[in-house]
Amino acid sequence: MKKTILFLQAAVLCLLAGCQSAPGSGLLSDEIKYVDPFIGTGFHGHTFPGATRPFAMVQVSPDTHIMGWDASSGYHYDDREIYGFSHTHLSGTGIGDLGDVALLPFSGADSIKPVGLFNKDTEKATPGYYAVRLDNFGVNVELTSTDKVGFHKYTYDNPKDRRVMLDLGHILQPNWGHKLVDNSYLFVNDSTVEGTVRTQGWAHFHSVSYRITFSEPIETIYQYIDGKLRQDSLFLRINTAEDLKFHYKFPEKAEPLYVKVALSMVDTEGAEKNLEAELPGWDFEATRIKSAEIWNDALNAIEIQADPTVMVNFYTALYHTMIAPFAYQDVDGRYLGMDKKVHKAEPGYTNYSVFSLWDTFRALHPLMTIINPDLAADWGKVLVQGYKEGGILPKWPLASSYTGCMVGYPAVSVLADLVCKDLADSDLKTWAEAGARSSVYREDLAEKFKGTRELDLITRHPYYKEKYGFVPADSVPESVSWGLEMAYEDWCISQIAAKAGLDSLAQAYAAKGEYYKRYLDPETKMMRPIMGDGTFRTPFNPRYSAHMRSDYTEGNAFQWSFFAPHEDNFIATIGGKKELETRLDTLFTTSSQVDGEHASGDITGLIGQYAHGNEPSHHMAYLYNWTDSPWKGQERLDYIMREFYTNKPDGIIGNEDCGQMSAWYVMSALGFYQVAPGIPVYTLGRPMIDRALIRVKGGAFEIRVENNSPENKYIERVLLNGKVLDTPFISHKDIVKGGKLVFEMTNTHP
């Protein structure tokens, strides 16, 4: 098979591959050519194709889907209409929000809310750039961005009718409770407007300020308030809770119209400063090229050699791991904290938002401890700062709001992993305190959050865990999932406390880490719900799922019966390695039937009852390394990476979830995975690459895969720095100090 070589020295690479680095960039290669931002925009991947920079506040992208589950990012590949190009988006989530400050260029329409129509063959997307033609308006649209500024270029077929709609009532998923609550607008001068939009949705409190500057003076303004055109004099300043739309008409001209949209989550003054600091000029092409350079530099954290399909999958996945969390702070250091107050960041500190923690603690955060440890450490500081500001560790923080989404208190997993890898802040007693205070039921916060979506953060599951040592299934839904994850997370708190020297706290939480055993049913060999009287639920159907109403979160008993990642004793508890192997075999080979008319839509990517489209399954294939048949895991991993990750828009088998699905692929394609964040050990799998170079603190960690092919999916032996490994495990230190890992592959297994 023809291979794409990326591994030569810079001069040789450019001679053989014909690449051209931008002047002064110092880049070895052009990784962005392998990135396809349309991957994940089909099926239920919920990604967006628009322009952004790594971990940036602005993601300017077309909104083609407003209602329903597939509107979570505002875009779905099957659509052919564009409602606007808005500036904030969520990547791969299962709930929608954002979609702030939408613009739409148009000609010839007399509708209050014109809608653009497009053909897919006119769309183009690369990291930091998006383009499309609006056929019904005769307008070519190009988008790029800086960290805090969206940059638009509109080229009109009809130079006599150049118009732009500013839609300040535009939101995503209004059918899911997302609504406008406040709108302020100021006409600053004939080419500049600014204002603040406040919404309530998944984020109960969301405020975005903007400053929009056009490259030319506005000739005529049409002002619509709550759908009604003002016939008399225009308001230069408006404060209202109603929908605002403006149609701006520009003088006849053949040249493109440019628009800069700066955002601030604090105020319009912040938006103005962000604009001045990041994009004072009007050179669209230079901004696009700079974005490409920044993305190339980021993607060069890992250089690989692989077949073309893997190259695209790998670098698109790596790209998707660098969209969220995003920096949520102005250039002057101001940001809106979890207490809804304006804070000024200390030098060296950057505030971030959009932590999809229940998903990303599993692979995204561990990946970043390898390829970007400083950023990983910064995120730990942000989570603890969120505790200081809001009184509890963030769980799915979005726009300075606690959404309370998903299970447990997964921030402690991220913190424990930083601790075990020596990447933690020195104030570990505060870290341990934050974990402990976030692991119990908080009556004070239940009162504080009453009447808001943030109340979802305070459930009764921790209350029952503390009182009984288990969560009774007849008291609250999703009891088993909560019980299992809280056991792991309490173990994480014990690790932080032990490192902080808080021995009694460490011992108490280590004991809670064994609460998972209470759910183990020796009869069904499943993690089974427990009733308030201490008996297992009867009748019991391990295939049954009811979204948000059953005993399991987004799954069933099959998908939750292997979650005790912190406990090697789990294997002994269930009966040893052979019993684990038998249970795994059953998981992967049983019928894929899921019972229940309200089964969770997140159960996708099924192999038997293994569901790769959702996170609870992500570690399971690797558990074969704790049996005498690791080859079975290699076989499963090969299938997952070939069948559930493709070079097509529907090429991600479930919600991408802010980088988790992609981080799983990146690490798995390299040949290793961390089953238990908090234990600095990676277990080996079936690598898809032929060669990789990971830039680490110690220099470089090289991976070579000898005799790699689709047929040779099994590992014959592995060498670390020339020494044959006796077990399929390597440590975090083995990677970050630099070295060489060699896989020798074969087409047979023991």
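Side chains are part of it too, since the values below use all heavy atoms of this structure and drop only hydrogens, waters and symmetry mates. This one's a predicted model, so the numbers in the text were calculated from it and none came from an experiment.
Residues E454 and R442 are not paired through a salt bridge, judged by the lack of any N-O separation under 4.0 Å between the basic side chain and the carboxylate. With salt bridges taken as basic N to acidic carboxylate O contacts below 4.0 Å, one links D521 and R528.
In this structure, S561 has no side chain to side chain donor-acceptor pair (under 3.5 Å) partners at least two apart in sequence or on a different chain. By the ring pair (Phe, Tyr, Trp, His ring centres under 6.0 Å) test, H170 pairs with no residue at all, sequence neighbours left out. Partners of Q609 by side chain to side chain donor-acceptor pair (under 3.5 Å), not counting sequence neighbours, listed by chain and number: N556, Q559. Scored by the salt bridge (charged side-chain N to carboxylate O under 4.0 Å, His left out) test, K525 finds E579 as partners (sequence neighbours excluded). Taking D533 as the reference, nothing meets the salt bridge (charged side-chain N to carboxylate O under 4.0 Å, His left out) condition, with sequence neighbours excluded. In this structure, the salt bridge (charged side-chain N to carboxylate O under 4.0 Å, His left out) partners of R198, at least two apart in sequence or on a different chain, are D182. Applying the ring pair (Phe, Tyr, Trp, His ring centres under 6.0 Å) rule to F470 yields the partners Y468; only residues at least two apart in sequence or on another chain are considered. Evaluation of the side chain to side chain donor-acceptor pair (under 3.5 Å) rule for Y682 yields K421, H732 as partners, not counting sequence neighbours. Not counting sequence neighbours, E523 has no partner by the side chain to side chain donor-acceptor pair (under 3.5 Å) test. By the ring pair (Phe, Tyr, Trp, His ring centres under 6.0 Å) test, H320 is found to be paired with no residue, residues two or more places apart in sequence or in another chain being considered.
Here the side chain of S550 pairs no donor or acceptor atom with the backbone of S545 at under 3.5 angstrom. A donor-acceptor pair under 3.5 Å is formed between the side chain of Q329 and the backbone N or O of N351.
The aromatic rings of Y441 and Y463 sit perpendicular, their planes meeting at an angle over 60°, well past the 30° parallel limit. Note: F326 and Y328 have tilted aromatic rings, judged against thresholds of 30 and 60 degrees for the angle between ring planes. Note on ring orientation: taking the six-membered ring where Trp is involved, the planes of W69 and H44 are tilted (angle from 30° to 60°). Ring geometry, H612 versus W664: the interplanar angle exceeds 60°, so the pair is classed perpendicular (tilted spans 30 to 60°).
Contacts classified as side-chain hydrogen bond (donor to acceptor under 3.5 Å, both in side chains) and involving residues 390-403 (residues at least two apart or in different chains) are given here: S356-W396. Residue pairs satisfying the ring pair (Phe, Tyr, Trp, His ring centres under 6.0 Å) criterion with at least one member in residues 512-550, sequence neighbours excluded, are listed as follows: Y516-H566.
Residues Y552 and F563 place their aromatic rings such that the two centres sit no closer than 6.0 Å.
Remark: of the listed residues H365, Q674, Q495, Q674 is the sole one forming a side chain to side chain donor-acceptor pair (under 3.5 Å) with D417.
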